[in-house]
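The sequence lines fix the lettering, A, B, ..., with proteins before strands; numbering per chain opens at 1. Being a predicted model, the structure only gives us computed values, none of them experimental.
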2 protein chains.
Amino acid sequence: MVKMKITAEERNAQIVRVAMKLFSQKGFKGTTTREIAQKAGISEATIFKHFAKKDALYSAIIDKQCNDRKGESLLMKKLEGKEGKEVFKEIATFLIQTHQEDPTFLKLLMFSALEGHKLSDIFIRTRGMETLDYLAKHISKLISQGSFKKVNAPIAARAFLGMIIHYSMLQEIYGLKRFFKVPVKKVVDIFVDIFFEGMEARHA
Amino acid sequence: MVKMKITAEERNAQIVRVAMKLFSQKGFKGTTTREIAQKAGISEATIFKHFAKKDALYSAIIDKQCNDRKGESLLMKKLEGKEGKEVFKEIATFLIQTHQEDPTFLKLLMFSALEGHKLSDIFIRTRGMETLDYLAKHISKLISQGSFKKVNAPIAARAFLGMIIHYSMLQEIYGLKRFFKVPVKKVVDIFVDIFFEGMEARHA
DNA sequence: TCCTGTGGTGAGTAAGTGCTTACTATACAT
DNA sequence: ATGTATAGTAAGCACTTACTCACCACAGGA
């Protein structure tokens, strides 16, 4: 009996961490409170001391994900001073690399949408759309500057992000990375090249 | 007591139909055999007369999906005689429209990948990759004809398909169709335009 | 007429599931 | 040292899950 007593806050955070990992691997329904307890090295009852229902755990995760914008600010820092193709390359590389290193977020978002939880909506709208919104604005700017041709910016943003996210999904979730091994740089270069040239205003 | 007796084959198909719908809505784990039985208007025991385990039901669905190529041949028929941008427009329209009318397949594929079932691999490789393979070959042809510039064809195919599938996913699964209502034609035109112009060989 | 094969079920069962309760162990201010 | 709030748990409750089995209805050949 050398079970450590830690503060409620710490235990809280720990449970959320463990649960997040498991939910992203097996979904909400596929994860049992028993397994969360076991992986966290505590008893099941302790979980329910900290979270009234299994559902509350899920809410806490989404809440955390919605308020945690480390990734976003990291990307913004990388974008500073960049322009032209470099902006798009940076975004694409960042996303693909992030998903590659840790697909937790990607899977969590997919499970959340598929399982259709109450709070999944807000999760999707805040975290799923942030890059999309940024991109749409950036594209709008390039259009008004005359370097991009006049197309619906939100749709164009979805085109670009679609290439990237779908690529990551096939690689990480559908398991294609076992067969399709290409350096990130190469993929990014091709994606950005296609998109950029497809968007560039031609001076006929 | 007017329960109809139908042939085993028919009952079999009916159960698979009901199960497929439910699996696509709530996933394998999220669907109970009770609910399948109820929605099929039979007893739970009957399901197990026809399928040894719940798992066998899942396998039957994937098997059916892998052998059912109605969609593919329908698309191929639409592509006959088309060339240039029209080929891409036809593919994009077909996919987006199909997903819009009935997202069952799309959801089934996503759940299958996320839940990581044994047979999901073959499902993904046969049904998830078919259009991708076709596209890659078509792009290869256009490159060797000199109308597309020289880029890695499989990656380019993933770029194009990524735009489309990701668009469908956001609309149908992430629920964006509630906020983002744009005619299919408009979206397709933009996607194809970006991709096509991005791929075209420039004669400087 | 009886028999037999086929399609179908009511009533279970064992193994989980989320969640609760009655209780113990420990840190720490007094 | 002692009281108290806090962190934690063993055991188990009520319910659901996939799955089973003994049995029934009935069409059709003998």
Side-chain angles (χ1 to χ4, degrees), chain A residues 1-62 111-112 115-120, chain B residues 1-62 111-112 115-120:
Chain A
M1 169 68 74
V2 204
K3 282 273 161 84
M4 292 243 273
K5 250 176 128 165
I6 62 178
T7 69
E9 207 176 348
E10 280 177 302
R11 185 65 78 199
N12 227 291
Q14 186 216 2
I15 294 172
V16 166
R17 261 201 324 275
V18 173
M20 189 165 71
K21 194 171 172 185
L22 287 171
F23 286 167
S24 83
Q25 281 166 6
K26 329 168 90 177
F28 181 75
K29 292 225 159 170
T31 305
T32 66
T33 49
R34 224 147 264 190
E35 192 178 0
I36 296 171
Q38 189 208 311
K39 290 253 157 76
I42 55 175
S43 77
E44 219 184 326
T46 300
I47 290 180
F48 289 98
K49 270 264 143 82
H50 291 258
F51 300 90
K53 322 184 90 199
K54 189 188 175 191
D55 220 76
L57 242 179
Y58 192 81
S59 303
I61 290 173
I62 290 191
F111 262 123
S112 136
E115 291 185 325
H117 221 273
K118 287 170 203 168
L119 285 103
S120 76
Chain B
M1 161 72 83
V2 203
K3 280 273 161 86
M4 292 246 271
K5 254 173 124 164
I6 62 178
T7 68
E9 209 176 347
E10 280 178 303
R11 184 66 77 200
N12 226 292
Q14 186 216 1
I15 294 171
V16 166
R17 261 201 322 275
V18 173
M20 189 165 69
K21 193 171 173 186
L22 287 170
F23 285 167
S24 82
Q25 281 166 6
K26 330 167 90 178
F28 180 76
K29 292 226 159 168
T31 304
T32 66
T33 49
R34 259 225 261 291
E35 193 178 359
I36 296 170
Q38 188 208 311
K39 290 253 157 78
I42 55 176
S43 78
E44 225 182 320
T46 301
I47 290 180
F48 289 99
K49 268 265 143 77
H50 292 259
F51 300 90
K53 324 185 88 198
K54 188 188 175 190
D55 221 77
L57 241 179
Y58 192 81
S59 304
I61 290 172
I62 289 191
F111 262 123
S112 137
E115 290 185 325
H117 222 271
K118 288 170 203 168
L119 284 103
S120 75

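By the side-chain contact (heavy atoms from CB on, under 4.5 Å) test, Lys54(A) pairs with Phe23(A), Phe28(A), Thr33(A), sequence neighbours left out.
Leu119(B) and Ser59(B) make their closest contact through CD1-OG, 3.4 Å (heavy atoms, listed as atom of the first residue, atom of the second, distance). Considering all non-hydrogen atoms of both residues, Ser24(A) and Phe111(A) come closest at O-CE1, 3.7 Å. Closest heavy-atom contact between Arg34(A) and Glu44(A): NE-OE1, 2.7 Å. Contact between Ala19(B) and Leu57(B) at its shortest, heavy atoms only, is CB-CD2, 3.7 Å. Nearest heavy atom pair, residue Ile36(A) against residue Thr31(A), reads CG1-CG2, 3.8 Å.
Across the protein-nucleic acid pair, Asp55(A) atom CG and dC19(C) atom C1' stand 13 Å apart, rounded to whole Å. Rounded to whole angstrom, the span from the CD atom of Glu44(A) across to the C1' atom of dG18(C) amounts to 7 Å. Rounding to whole angstrom units, NZ of residue Lys49(A) and P of dT21(C) are separated by 10 Å. Per the geometry, CD1 belonging to Ile42(A) stands 19 Å off P belonging to dA25(C), to the nearest Å. A straight line from CZ of Phe48(A) to P of dT17(C) spans 12 Å, rounded to a whole angstrom. Following rounding to the nearest Å, Lys53(A) (NZ) and dT17(C) (P) show an atom-to-atom distance of 18 Å. Taking atom CD1 of residue Ile47(A) and atom P of nucleotide dG8(D), one finds them 12 Å apart after rounding to whole Å. Phe51(A) has its CZ atom 13 Å from the P atom of dA7(D), to the nearest Å.
Among the nucleotides dC19(C), dT9(D), dG8(C), the one closest to the side chain of Thr46(B) is dG8(C). Distance from the side chain of Ser43(A) is smallest for dT9(D) among the nucleotides dT9(D), dC19(D), dT9(C). Ranking dA7(D), dA18(D), dG18(C) by closeness to the Lys5(A) side chain, first place goes to dA7(D).
Residues Tyr58(A) and Ser112(A) meet the side-chain proximity criterion, which asks for heavy atoms closer than 4.5 Å.
Against DNA chain C, the stretch residues 19-37 of chain A makes heavy-atom approaches under 4.0 Å through Thr31(A), Thr32(A), Thr33(A), Arg34(A). Within residues 6-17 of chain B, the residues having any heavy atom closer than 4.0 Å to DNA chain C are, in order of number, Ile6(B), Ala8(B), Arg11(B).
Checked by atom type, the side-chain pair Gln14(A)/Arg11(A) shows a donor-acceptor distance below 3.5 Å.
OP1 or OP2 of dG8(C) sits under 4.0 Å from a side-chain N or O of His50(B).
Considering CD1 of Ile15(A) and NZ of Lys49(A), their distance stands at 12.0 Å, rounded to 0.5 Å.
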